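Quick caveat: nothing in here was measured; it's all calculated off a predicted structure.
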Amino acid sequence: LAAVRSFNVVVVCCLLRLATPNTSFWLLLLGFLWHRLAPEFGGYFVAGCDEVWMGVESGSQKILNAMSKGLSLASVHSARARLKSAGIRACFFLQFGYPGEGWPEIAETIQLIRQTRPDDIGVSLSYPLPGTEFYLRVQAQLGAKRNWDDSDDLCTMHTAAYTDTFYHALRDALHAEVNAPESPDTFRLWTRVHALEPISRNTNVLTLNHEPSFLPLASLAAATRRA
């Protein structure tokens with residue numbers, strides 16, 4: 001995939017359009033690839049693409065760097081704007097629970113969603129794949145369950161910053177934020193997230209450094225409520 005050129009992607013899209021002229025399609029682009037292909041999004045629309053899913057993962061540059069994504073938040077904003085201009089739905093994959101992610105980093109991801117307003121999101125928890133550096137770091141914390149039963153099995157294999165209950169509430173609030181940001185139900189879901197945050201923190205959590213991983217909720221509430 002690293003060798004795929006934007007021109008080739010557009011050619012493939014056009015061939016799909018010719019083969020199935022009455023059918024639209026969507027693209028799934030990996031994080032290291034999609035921000036390089038952003039200038040060609042207009043060509044995707046002409047070829048029949050109506051939706052692009054991107055592995056954004058986090059609104060925290062610190063976490064993206066820790067994941068070795070090779071991705072900047074500026075490129076997320078740029079790609080979202082280009083997709084909107086091209087008439088293509090922009091959809092983000094997000095993941096939570098990566099080592100070093102605390103409330104400040106989660107708040108940055110919430111803020112990214114409110115700033116960019118993606119058309120849809122998918123939310124998962126960080127999954128330690130065997131053979132990766134992430135897996136080696138958390139291997140000692142892995143319990144009896146080392147695999148998800150299905151793709152909707154939103155639970156952590158390692159000791160993340162928060163309990164699964166908190167992450168479930170966060171997922172529900174983020175989906176509501178995308179679908180109906182001004183709804184009273186959305187406000188209620190965010191209220192639950194804020195209530196769960198201080199009572200859902202785990203101990204023995206892996207961090208990236210020795211900096212504190214939590215800031216007072218009150219100091220972040222105003223910023224995270226801005227659209």
Side-chain angles (χ1 to χ4, degrees), residues 31 54-69 71-74 76-77 80 92-118 121-128 133-134 137-138 141-142 153-227:
M54 301 174 288
V56 174
E57 314 302 1
S58 176
S60 167
Q61 190 63 58
K62 181 183 84 171
I63 298 301
L64 292 176
N65 293 345
M67 293 176 176
S68 301
K69 290 286 291 183
L71 178 64
S72 71
L73 292 175
V76 176
H77 286 268
R80 200 282 174 261
F92 295 175
F93 284 120
L94 303 173
Q95 67 169 285
F96 295 96
Y98 199 83
E101 180 192 67
W103 177 252
E105 292 74 33
I106 291 173
E108 288 181 291
T109 301
I110 296 170
Q111 186 68 3
L112 177 70
I113 295 304
R114 289 174 173 162
Q115 290 173 341
T116 58
R117 292 296 175 195
I121 58 171
V123 178
S124 67
L125 295 181
S126 295
Y127 188 94
E133 182 179 350
F134 178 26
R137 292 188 63 195
V138 304
Q141 295 184 337
L142 298 178
D153 193 359
L154 193 69
C155 64
T156 53
M157 304 289 106
H158 64 292
T159 304
Y162 296 99
T163 64
D164 290 346
T165 298
F166 171 80
Y167 290 120
H168 293 171
L170 178 62
R171 172 200 58 192
D172 294 344
L174 281 167
H175 277 292
E177 182 73 33
V178 170
N179 295 325
E182 303 300 327
S183 168
D185 287 338
T186 302
F187 180 79
R188 175 181 56 79
L189 290 170
W190 281 122
T191 300
R192 183 165 186 261
V193 170
H194 289 174
L196 284 172
E197 192 282 324
I199 63 174
S200 302
R201 303 175 204 161
N202 285 322
T203 58
N204 192 31
V205 175
L206 290 174
T207 58
L208 298 177
N209 50 45
H210 297 294
E211 297 177 359
S213 60
F214 175 76
L215 293 178
L217 184 61
S219 67
L220 292 164
T224 58
R225 280 305 308 163
R226 294 195 193 101

Pairwise side-chain contact, [X] with [Y], heavy-atom cut-off 4.5 Å (strictly under):
| X | Y | answer |
| --- | --- | --- |
| Gln95 | Ser58 | no |
| Leu170 | Ile110 | yes |
| Lys62 | Pro104 | no |
| Phe92 | Val178 | no |
| Phe96 | Arg171 | no |
| Leu174 | Trp190 | yes |
| Glu57 | Ile63 | no |
| Leu112 | Val56 | yes |

Nearest heavy-atom pair of [X] and [Y]: which atoms, and what distance?
| X | Y | answer |
| --- | --- | --- |
| Arg192 | Thr165 | NH2-CG2, 4.0 Å |
| Ala161 | Glu101 | CB-O, 3.3 Å |
| Gly59 | Glu108 | O-CB, 3.5 Å |
| His175 | Ile121 | CE1-O, 3.1 Å |
| Gly97 | Ser126 | C-OG, 3.7 Å |
| Ala160 | Asn202 | O-ND2, 3.0 Å |

Interatomic spacing from CD in Gln115 to CG in Leu73 - rounded to 0.5 Å: 9.0 Å
Interatomic distance, Thr116 atom OG1 to Gln111 atom CD [nearest 0.5 angstrom]: 10.0 Å
Donor-acceptor contact present, side-chain Glu105 to main-chain Gly102, <3.5 Å: yes
Residue from Tyr167, Phe166, Tyr162 passing side chain to side chain contact (heavy atoms under 4.5 Å, CB included) with Leu196: Phe166
Side chains of Thr186 and Glu177, donor plus acceptor under 3.5 Å: no
